[in-house]
There are 2 protein chains.
Amino acid sequence: MLKLTKKADYGLMALKYLAEHPENPALSAKDVADAYGIPAQLLAKILQLLTKNGLLKSHAGMNGGYALARDAREISAYEVIHAIDGPFFITSCTKGAKSCELTPSCTIKEPLARVNDTIAGVLKSISIQDLAEHEQPAHRQHAAQRLVALTL
Amino acid sequence: MLKLTKKADYGLMALKYLAEHPENPALSAKDVADAYGIPAQLLAKILQLLTKNGLLKSHAGMNGGYALARDAREISAYEVIHAIDGPFFITSCTKGAKSCELTPSCTIKEPLARVNDTIAGVLKSISIQDLAEHEQPAHRQHAAQRLVALTL
DNA sequence: CTATATCCGACTTCTTCAGTCCGCATTCAG
DNA sequence: CTGAATGCGGACTGAAGAAGTCGGATATAG
């Protein structure tokens, strides 16, 4: 509950790895999988998804592989998760399509939708570059601290 | 992925319902279940969990039922979710017990742990009272807006 | 005593996640 | 041209967790 799937995790790791090795024109799925001890075939499918969603560029054939489609700063964790796991909603009864069947109106949803937006906002604010840098940029740390101060 | 379980949803709804009916000394699981169209036996187990974790007070026997153990302002959404679904971690490899087995060190975890804390902070800031009130308190809306501004 | 409650463990069913398998298409080296 | 390396993509299996059910024990008001 409230957990990222391993696929999303793997995807983030893979993009981070690519961001850390910009010298290579293309790294194969196997390269990345070996680097992290991830099942290669599984990672392959994940990278394919990311390619289909425009986050990666792929090149088939020998010495082929994947490379970031954009600068690492321009790819957010949100995009990665969204590409792999699809749109996320905190609540089971997403008010998107057919809303909540239960009850007149589960008024609970409205505040939780706001939580949902907040989480999405935080994830959008984190770039692959941020993951690749071992030290977090200072301004982000401060933002996080003030954020907690505000919301508590 | 990244979704609340229905149990947690149900728990929040039930607490909200109790908060909206402070005049009743105790409402039975069936009362609440009927009000929302939730399976009664399932909700019963959820309320038992909440009781065991000190969020509700129970009274067996005829005219028995449940009541909030504290003021609705003093019960956070975080507590409810935690009581029902256990401790939550965004990442599969929680750095709690045995940390991540994969790889030297999946450095990805550190930034995501911060996201985790942020989400927890937001959930802690929301009380059952907030859910029960149809209008969100203004200061909280502003906080959320500033939060997004800061983190984006 | 009885009806209505909570309490609690075991169980089934359903869905989703994680991972595998296999065949096909693309590209490059020799 | 051929073969190896790679991406592409559907189908499948097994395991885990979520959702919900069942049955029985205990407590309590009338």
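Values in this document were obtained by computation on a predicted structure and should not be read as measured data. Keep in mind that the numbers below use all heavy atoms, side chains included, and drop hydrogens, waters and symmetry copies. To find a chain, count down the sequence lines: A is the first, B the second, and so on, and within it residues start at 1.
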**Request:** Could you pull out the closest heavy-atom pair between Y66(B) and A44(B), with the gap in Å?
**Result:** OH-O, 4.0 Å
**Item:** Nearest heavy-atom neighbours spanning A132(A) and E20(A)
**Value:** O-OE2, 3.7 Å
**Message:** If we ignore hydrogens and angles and just use 3.5 Å, is the side chain of N53(B) paired with the main-chain N or O of L55(B) as donor and acceptor?
**Reply:** no
**Prompt:** Touch check for A44(B), heavy atoms < 4.0 angstrom, all strands: base, sugar-phosphate only, or nothing?
**Reply:** nothing
**Asked** Touch check for A26(B), heavy atoms < 4.0 angstrom, all strands: base, sugar-phosphate only, or nothing?
**Response** nothing
What is the distance from [atom1] of [X] to [atom2] of [N], rounded to the nearest Å?
X: I84(A); N: dG9(D); atom1: CD1; atom2: C1'; answer: 16 Å
X: K6(B); N: dA18(D); atom1: NZ; atom2: P; answer: 13 Å
X: L50(B); N: dC8(C); atom1: CG; atom2: P; answer: 13 Å
X: Q41(B); N: dA5(C); atom1: CD; atom2: C1'; answer: 13 Å
X: I38(A); N: dA18(C); atom1: CD1; atom2: P; answer: 12 Å
X: L43(B); N: dG20(D); atom1: CG; atom2: P; answer: 11 Å
X: Y10(A); N: dC17(C); atom1: OH; atom2: C1'; answer: 11 Å
X: L49(A); N: dG9(D); atom1: CG; atom2: C1'; answer: 10 Å

**DNA chain C: 5'-proximal contact among K52(B) and L42(A) (nearest heavy atom)** = K52(B)
**Asked** So which one's nearest nucleotide on DNA chain C is more toward 5', L47(B) or M62(A)?
**Response** L47(B)
Please pick, from [options], the nucleotide with the shortest atom-to-atom distance to any side-chain atom of [X].
X: K45(B); options: dG7(D), dG9(C), dA11(D); value: dG9(C)
X: P39(B); options: dT26(C), dT6(C), dG20(D); value: dG20(D)
X: T51(B); options: dC7(C), dG7(D), dT6(C); value: dC7(C)

**Asked** Does S58(A) make a side-chain N or O approach to OP1 or OP2 of dC8(D) shorter than 4.0 Å?
**Response** yes
**Message:** Can you see if the side chain of H59(B) gets near the phosphate of dA29(D) - specifically, an N or O under 4.0 Å from OP1 or OP2?
**Reply:** yes
**Request:** Would you give the length of the straight line joining atom NE2 of H21(B) to atom NZ of K16(B), rounded to the nearest 0.5 angstrom?
**Result:** 9.0 Å
**Prompt:** CG/D117(B) to CZ/R114(B) distance, rounded to the nearest 0.5 angstrom?
**Reply:** 8.5 Å
